[in-house]
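Every value quoted in this text rests on a predicted model; they were computed, and no experiment measured them. Throughout, protein chains are lettered first and strands after them, A, B, ... in sequence-line order, and every chain is numbered starting at 1.
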There are 2 protein chains.
Amino acid sequence: MDKNSDLQRQRPFAGTLARLKSAGLRPTRQRLALGKLLFDAGDRHVTAEQLHGEADAQGIKVSLATVYNTLNQFSTSGLLREVVVAPGRSYFDTNVDDHHHFFYEDDATLQDIPGDQIALAALPDAPADAEVARVDVIVRLRRTDENRS
Amino acid sequence: MDKNSDLQRQRPFAGTLARLKSAGLRPTRQRLALGKLLFDAGDRHVTAEQLHGEADAQGIKVSLATVYNTLNQFSTSGLLREVVVAPGRSYFDTNVDDHHHFFYEDDATLQDIPGDQIALAALPDAPADAEVARVDVIVRLRRTDENRS
DNA sequence: TTTCTGTTTGGAATTGTTCTAAACTATTGA
DNA sequence: TCAATAGTTTAGAACAATTCCAAACAGAAA
Ligand SMILES: [Mn+2]
Ligand SMILES: [Mn+2]
Ligand SMILES: [Zn+2]
Ligand SMILES: [Zn+2]
């Protein structure tokens, strides 16, 4: 019997509720549902379309516009972080800790590289007129022949 | 008197011509003109719209579709490399050597970091089913208050 | 030259995302 | 408990970047 999942069964939106409160966002039906999809399943990297599809599959009625609104609000609140890896589509990452990414080009999929498993030696000085906002490392992967179906 | 620029004055498309040949692309009027804009001015990072604008400014008649075609063909031929830094637009880089980038978020501008000025310590093993195609490091910069106009 | 095939082009189409303005709903505080 | 208020959702239009299309065009080869 897992205490954590037991808690979730009783108060299924507790986690998201706390997050919304800390971000100063009203706990609406839509945000609670999307937050649950996003945060109750461990680390995730999703696109707006994907999340909208998942909500739909679970019978949750949310417009695509709201999915975009929510993902953007969550991102600017620090609940999510946006990762840019491919032209023309945005990924949203539920892991907001310092970390980097593997990107499987074949299926356009992201995977975390723990922050301590990669280190930058000799990061050059930022130009004098600017400061470093973030450093993104993307390791682009191609499936090897032997594993291609 | 600079020998290199002297040569360019006599055979203004020589460089691009050689590149096109090596890529197996016909030296059309459009490709020669775009190649000249791209390669005769040192390292550059341009978007399709930008390049199209430059061509236009010089009186070169090229359709935007051709600019896209050309940039994509140059990229798959290895004459250019595509850099993804911001959602919704692609940058094309005339520097195809191993190197990384500063990205000024304020004006959406790229700047090279020489390959030897940044090093990855402890790059994690690629998953067994894949091989590393490329590693991109993007150092995102924000202009400091003192320098903001 | 003629033929052949690769290239260019304008315009339509597609895709991902944002905008708009009207309908709705959570919150507040009488 | 109920307005009044301000934040939220939504359908659909609008947008921006990019690709697609099919017809005209232009290098290359014969
Ligand atoms: Mn955004
Ligand atoms: Mn491309
Ligand atoms: Zn991640
Ligand atoms: Zn570069």
Side-chain angles (χ1 to χ4, degrees), chain A residues 13 16-37 45-56 59-77 79-80 82-92 108-110, chain B residues 13 16-38 45-56 59-77 79-80 82-92 108 110:
Chain A
F13 294 100
T16 302
L17 201 55
R19 274 179 236 251
L20 290 176
K21 183 170 291 180
S22 87
L25 294 168
R26 289 190 185 174
T28 64
R29 190 159 44 274
Q30 293 82 342
R31 294 210 268 237
L32 285 168
L34 294 176
K36 196 163 148 66
L37 286 175
H45 304 93
V46 293
T47 65
E49 284 291 357
Q50 271 168 32
L51 186 61
H52 186 241
E54 288 181 23
D56 203 54
I60 301 162
K61 270 201 60 186
V62 203
S63 73
L64 184 56
T66 294
V67 173
Y68 274 105
N69 287 342
T70 301
L71 289 172
N72 286 329
Q73 291 155 345
F74 283 15
S75 294
T76 50
S77 307
L79 266 39
L80 289 179
E82 199 170 353
V83 184
V84 182
V85 278
R89 85 179 352 168
S90 273
Y91 290 79
F92 294 88
T109 263
L110 278 168
Chain B
F13 295 100
T16 302
L17 202 54
R19 273 178 237 251
L20 290 176
K21 184 171 292 182
S22 88
L25 294 169
R26 287 192 187 172
T28 64
R29 191 162 38 274
Q30 294 85 339
R31 295 209 269 236
L32 285 168
L34 294 176
K36 195 163 150 65
L37 287 175
L38 286 168
H45 304 93
V46 294
T47 64
E49 284 290 357
Q50 272 169 31
L51 186 61
H52 186 241
E54 287 180 24
D56 203 54
I60 300 161
K61 269 200 61 184
V62 203
S63 73
L64 184 56
T66 294
V67 173
Y68 273 105
N69 287 343
T70 302
L71 289 173
N72 285 328
Q73 290 155 345
F74 283 15
S75 295
T76 49
S77 308
L79 265 39
L80 289 179
E82 198 171 355
V83 184
V84 181
V85 277
R89 84 178 355 168
S90 273
Y91 290 78
F92 294 88
L110 277 168

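For B:Glu49 and D:dA16, the CD to C1' distance is 9 Å, given to the nearest whole Å. Rounded to whole angstrom, the span from the NZ atom of B:Lys61 across to the C1' atom of C:dT7 amounts to 15 Å. Spacing between atom CG of B:Leu71 and atom P of D:dA17 amounts to 14 Å, rounded to whole angstrom units. As rounded to whole Å, 9 Å separates atom P of C:dT27 from atom NZ of A:Lys21. To the nearest angstrom, P of D:dA16 lies 16 Å from CD of B:Gln50. Residue B:Arg31 contributes atom CZ, which lies 6 Å from atom C1' of C:dT7 at whole-angstrom precision. For A:His52 and D:dT9, the NE2 to P distance is 13 Å, given to the nearest whole Å. Between the CG atom of B:Leu51 and the C1' atom of D:dT18 there is a distance of 15 Å, rounded to whole Å.
In this structure, A:Leu34 CG and A:Leu80 CG are separated by 10.0 Å, a value rounded to the nearest 0.5 Å. With rounding to the nearest 0.5 angstrom, the CD atom of A:Gln30 is 10.0 Å from the CD1 atom of A:Ile60.
A close approach under 4.0 Å does occur between a side-chain nitrogen or oxygen of B:Tyr68 and OP1 or OP2 of D:dT18. For the OP1/OP2 pair of D:dA26 and a distance below 4.0 Å, the side-chain nitrogens and oxygens of B:Gln30 include no atom meeting the criterion. OP1 or OP2 of C:dT17 lies within a sub-4.0 Å distance of a side-chain N or O belonging to A:Ser90.
With sequence neighbours excluded, the residues that form a ring pair (Phe, Tyr, Trp, His ring centres under 6.0 Å) with B:His45 are B:His101.
Checked against C:dT17, C:dT7, C:dT8, the side chain of B:Leu25 finds its nearest nucleotide in C:dT7. For B:Arg89, counting side-chain heavy atoms from C-beta on, the closest listed nucleotide (D:dT10, D:dA17, C:dT7) is D:dA17. Distances were taken from every side-chain heavy atom of A:Thr66 (C-beta onward) to each of D:dT10, C:dT17, D:dC20; the shortest belongs to D:dT10.
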Would you be so kind as to tabulate the donor-acceptor pairs closer than 3.5 Å made by side chains of residues 19-28 of chain A, with sequence neighbours excluded?
from	atom 1	to	atom 2	distance (Å)
A:Ser22	OG	A:Arg19	O	3.0
A:Thr28	OG1	A:Arg31	N	3.2

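Although no hydrogens or angles enter the test, the distance criterion places a donor-acceptor pair under 3.5 Å between the side chain of B:Asn72 and the main chain of B:Tyr68.
Residue contacts shown for A:Thr47 are absent, as no nucleic acid heavy atom lies under 4.0 Å away. Residue A:Asn72 is classed as a sugar-phosphate contact, given heavy-atom separations below 4.0 Å to backbone atoms only.
The minimum heavy-atom distance linking B:Leu64 with B:His52 is given by the pair N-NE2, 3.6 Å.
Counting heavy atoms from C-beta outward, A:Leu51 and A:Phe92 have side chains that stay 4.5 Å or more apart.
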Distances for protein N or O near nucleotides 21-26 of chain C N or O, under 3.5 Å:
from	atom 1	to	atom 2	distance (Å)
C:dA26	N3	A:Arg26	NH1	3.2

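Mapped onto DNA chain D by nearest heavy atom, B:Phe92 and A:Ser63 fall at different nucleotides, with A:Ser63 at the one closer to the 5' end.
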